Engineer: 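Have a look at this one before I ask anything.
All figures in this text were calculated on a predicted structure; none of them were measured in a lab. Atom set for the values below is all heavy atoms of this structure, side chains included, hydrogens, waters and symmetry mates excluded. Reminder, nothing fancy here: chain letters follow the sequence lines and each chain counts from 1.
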Amino acid sequence: MKSSVITFPGSNCDRDMDVALKKFGFKNKMVWHADSELPKSDLVVLPGGFSYGDYLRCGSMASKSKIMQSVINFANSGGIVMGICNGFQILVETGLVPGVLLRNKYLEFICKNVFVKIKDKKNKYFKNVDKEVFEFHIAHNEGNYFCTNDQLKEIEDNNQIAINYCDENGKIVDQFNPNGSIKNIAGVFNKEKNVLGMMPHPERMIDTSLSGEDGSLFFKNLINNLK
Amino acid sequence: MKISVIITLKKDVLDPQGKVIHQTLDGMGFDNVNEVRQGKYFEIDTKETDNDKAKAKVEEMCKKLLANLVIENYKIIDPK
């Protein structure tokens, strides 16, 4: 399986993602934002970080970079595109996934482990996964998911909500909503579910002695689903 | 020609920064404020000399980059 991780000026989780993808069997290539052609890929990842210093709106500048037209074409032709954290912010700015990510409700940068519940398994990312609740890491200032009422109805009707923040038993309650996101939304799909944007970092949970192994489960499952 | 643009958050979008500014103003003794909403202001110096054409271009910029229309409104101020 071939993957590509796009590096934007200010990306800082691109190499972590490279390590994670290689650990679970992907042949990964790093792709520079100013390139126009995407290498042949089974998976394209927009990594976390602070592309363009979060100027204007997080992800807004990166969403217009040269490589993104190829990423958009790849996504529109059914390619698997995953955006993590700043990558999610870039995805919403391209319009590939609905909604926006606002400043966290309590105006603080949040850096901690959270639990998320898998909302939908009829997709390449979570199909066959043998777990309902994952422990992932979040580190963001703008992760407060927001969309219009019409968009919310649409994503609910199409089962586009991928994961919700929850407690360790999978209970989706306000108390475990770290950033004020509507309905505890931590990740959403596009309509066709080949594009996933999510705030949590699975690549930070791939080592039992350093963090946890829920990220390992996620990547192992993903590569199996793509084979 | 210089054209100015003001971007504001839509009415229903939570503005935590505006809220904190409001609270701070309140703490400073400015206690008759109903609400504060924070926005953005741009000055765009364009090579275009035709007023209407310039405004149309700036409007396109607003739609494509300067504003995110899910949460923001834009207002183009007529060049003087």
Engineer: May I ask you to test the B:Val70-A:Gln151 pair for a side-chain heavy-atom distance under 4.5 Å?
Structural biologist: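 Yes; the side chains approach each other to less than 4.5 Å.
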Engineer: Under 4.5 Å, counting heavy-atom pairs only, tell me which of B:Leu9, B:Leu14, B:Leu65, B:Asp12 racks up the most with chain A.
Structural biologist: B:Leu65
Engineer: Less than 4.5 Å to any heavy atom of chain A: does that hold for the side chain of B:Glu72, its backbone, both, or neither?
Structural biologist: side chain
Engineer: Answer yes or no: are there more than 12 heavy-atom neighbours, outside A:Lys191 itself, under 6.0 Å from its atom NZ?
Structural biologist: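 Counting other residues, nucleotides and ligands, NZ of A:Lys191 stays at 12 neighbours or fewer.
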Engineer: Please identify which of these residues, A:Asn144, A:Asn104, A:Leu107, meets the side-chain contact (heavy atoms from CB on, under 4.5 Å) condition with B:Pro16.
Structural biologist: A:Leu107
Engineer: Would you say the side-chain atoms of A:Arg103 pair up with the backbone N or O of B:Asp15, donor to acceptor, closer than 3.5 Å?
Structural biologist: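 Side chain of A:Arg103 to backbone of B:Asp15: no pair is present.
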Engineer: Side chains of B:Lys40 and A:Arg57: does their closest heavy-atom pair fall under 4.5 Å?
Structural biologist: yes
Engineer: Tell me, for A:Lys64 versus chain B, whether the close heavy atoms (under 4.5 Å) come from the side chain, the backbone, both or neither.
Structural biologist: side chain
Engineer: Using heavy-atom distances under 4.5 Å, tell me whether A:Leu102 contacts chain B through its side chain, its backbone, both, or neither.
Structural biologist: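 A:Leu102 touches chain B through side-chain heavy atoms alone.
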Engineer: Counting neighbours of NZ on B:Lys10 that are heavy atoms of other residues, nucleotides or ligands and sit closer than 6.0 Å, is the number greater than 12?
Structural biologist: yes
Engineer: Can you measure from CG (B:Leu69) to OG1 (A:Thr148) and round to the nearest 0.5 angstrom?
Structural biologist: 12.0 Å
Engineer: Surrounding NZ of A:Lys183 (heavy atoms of other residues, nucleotides or ligands, distance under 6.0 Å), is the total greater than 12?
Structural biologist: no
